[in-house]
Amino acid sequence: MESFPKIISVDDHTVEPPHVWRDRLPSKYRDSGPRIVRAPLKEMTFIGGKFAPKMGAPGDDGPLADWWVYEELHRPLTRLDTAVGYDRDEVKLEAITYEQMRPGSFSVPDRLADMDVNHVQSALCFPTFPRFCGQTFTEAPDRELGLLGVRAYNDWMVEEWCGPEARGRLIPLIIIPLWDAELAAAEVRRNAARGVRAVCFSEIPPNLGLPSIHTDDWDPFLAACDETGTVIAMHIGSSSRMPSTSADAPPAVGSTITFANCCFSMVDWLMSGKFERFPNLKVMYAEGQIGWIPYILERADVVWEENRGWGGVADKVLRPPSELFTEHVYGCFFDDAFGLRNLDAIGVGNVLYETDYPHSDSTWPKSREVGEAQMGHLAPDVVERIVRGNAIELLGLTADGLWAGAPGA
């Protein structure tokens, strides 16, 4: 292409620096709140979609790693959290320290520099330690500490990660206390008041022991998102259960079918009636890719047309699911040539681009080249919408593609 638009990535990640909770929690929680401890790795497996690390004691054999320790949780930083800059064959399931990762993973100036290398103007970043929708805090026993942990993360996200140093190029994405929809609604409104327009949520909440979206339990949260124009962002893995086929399936199986939970989740939303009740609601599926969407829309429309009488949706889903998709749902991809060849069946206005920095699947530093290769058959105005225009509209960015709530914006 003669010129490729500057990318607005709707799915990158931050690896939180050690001070995030240390500096923001009351002193009484210093020994129980999230903190970094350097310790040996005793054992770590990732089989059947389940990640299971074990921390060793001081003096034990095993490679040293930096661990997040929070109440009874011990989670190491891993190479899969931050793989950019490493050859694909060097990316293994291993625990690491901050010194062993690319500084752009956790440092704002270094992140902006790596974005420049990758032709990226702006980026929306998902969490690492809280996990993709904050389920780390939901699983912890101490609810008071959990709520403080959620708020501390959001304050760091808005004030520091997306603060003055970022110059509007980093777009805030908050987490919520998933265990209480009223508290979640309050957190959405608190952050919307300072310009935040995106919130993490689970693809399949029942996998976290939470109500499904077919209930009314989430309505306070959904109402807050509807009223404030806050986009609900669901990342693969945000139900704490990556797709797999068996308990002994190697990670390659789950990696091939990572889109599956997005697929199940989207059908949930389309058949829930929530888009009828909350007409301003928008949802997006980060890292779900897009090639699977056309058939699901076709099948959902057939079921709605022929089976809605007994299918439990006749009184709440009043229009074909494909119409609801067009108005409310966005698919996100970083590498999906098949989906781009079938863009007409998805909708130009429903597709967003991402780079997945710094994860092992990331196309950094060649996201532009990947985009050019896969979008070469598309008209320039279509490429513009996919690479940045749709994100600007969805996330309420400035015309220049920057966070509208950034200091000095």
Side-chain angles (χ1 to χ4, degrees), residues 12-25 29-108 110-111 114 125-137 139-140 145 149 152-153 156 160-161 175 235-238 240-242 250-252 254-255 356-362 364:
D12 285 358
H13 300 264
T14 178
V15 177
E16 301 81 16
H19 69 269
V20 172
W21 290 276
R22 182 191 66 206
D23 291 355
R24 288 171 175 78
L25 291 176
Y29 290 118
R30 187 163 294 147
D31 294 330
S32 56
R35 60 205 181 277
I36 286 290
V37 173
R38 185 159 292 187
L41 172 69
K42 185 176 182 180
E43 180 184 347
M44 182 163 60
T45 59
F46 188 21
I47 301 294
K50 183 176 177 58
F51 177 56
K54 293 182 181 179
M55 187 171 81
D60 284 354
D61 291 335
L64 284 178
D66 284 334
W67 295 73
W68 281 107
V69 178
Y70 169 42
E71 294 191 331
E72 300 304 314
L73 174 67
H74 301 85
R75 187 205 186 277
L77 302 177
T78 75
R79 176 58 61 216
L80 300 185
D81 293 331
T82 171
V84 292
Y86 286 78
D87 184 88
R88 294 290 185 183
D89 290 335
E90 296 178 317
V91 178
K92 305 181 187 311
L93 185 64
E94 61 178 344
I96 61 172
T97 66
Y98 279 95
E99 290 81 5
Q100 293 172 291
M101 67 176 73
R102 195 170 181 87
S105 303
F106 57 88
S107 161
V108 171
D110 293 291
R111 173 60 64 92
D114 278 355
C125 297
F126 283 82
T128 297
F129 169 70
R131 309 218 300 284
F132 295 147
C133 66
Q135 56 267 61
T136 293
F137 295 107
E139 293 168 357
L145 175 55
Y153 176 85
W156 170 80
E160 190 170 332
W161 184 253
I175 58 177
H235 196 284
I236 60 166
S238 57
S240 293
R241 190 182 302 172
M242 292 299 290
S255 186
D356 197 29
Y357 180 106
H359 281 186
S360 59
D361 271 337
S362 179
W364 185 92

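A quick note: this is a predicted structure, and the numbers were derived from the prediction, not measured.
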For S105, the option from L77, T14, T82 that meets side-chain contact (heavy atoms from CB on, under 4.5 Å): T82

Kindly compute the distance separating CZ (R24) from NE2 (H19), expressed to the nearest 0.5 Å. 5.5 Å

Taking I36's backbone N and O only, do any of them form a donor-acceptor pair with R38's side chain (distance below 3.5 Å, no angle check)? no

Please work out which of the three classes, parallel, tilted or perpendicular, describes the rings of F126 and H13, given edges at 30° and 60°. tilted

Can you name the residues that form a side-chain contact (heavy atoms from CB on, under 4.5 Å) with S32, not counting sequence neighbours? Y29, L145

What class does the angle between the rings of F132 and H359 fall in, given that below 30° is parallel, 30 to 60° is tilted and above 60° is perpendicular? tilted

What distance separates E16 CD from F129 CZ, expressed to the nearest 0.5 Å? 8.0 Å

Separation between OH of Y86 and NZ of K92, rounded to the nearest 0.5 Å: 13.0 Å

Indicate the ring-plane relationship of W21 and F137, choosing parallel, tilted or perpendicular according to the 30° and 60° boundaries. tilted

Flag, side chain of D81 to backbone of T78, donor-acceptor distance under 3.5 Å: yes

Side-chain heavy-atom pair W68, T128 within 4.5 angstrom cut-off: no

Can you spot which of R75, R131, E71 makes a side-chain contact (heavy atoms from CB on, under 4.5 Å) with T136? R131

Looking at D356, is its backbone amide N or carbonyl O close enough to the side chain of D12 to form a donor-acceptor pair, meaning the two atoms are under 3.5 Å apart? yes

Quick one: does S362's side chain have a donor or acceptor within less than 3.5 Å of a partner on W364's backbone? yes

From L41 CG over to I96 CD1, what is the distance, rounded to the nearest 0.5 angstrom? 12.0 Å

pair Y98-V15: side-chain heavy atoms closer than 4.5 Å: yes

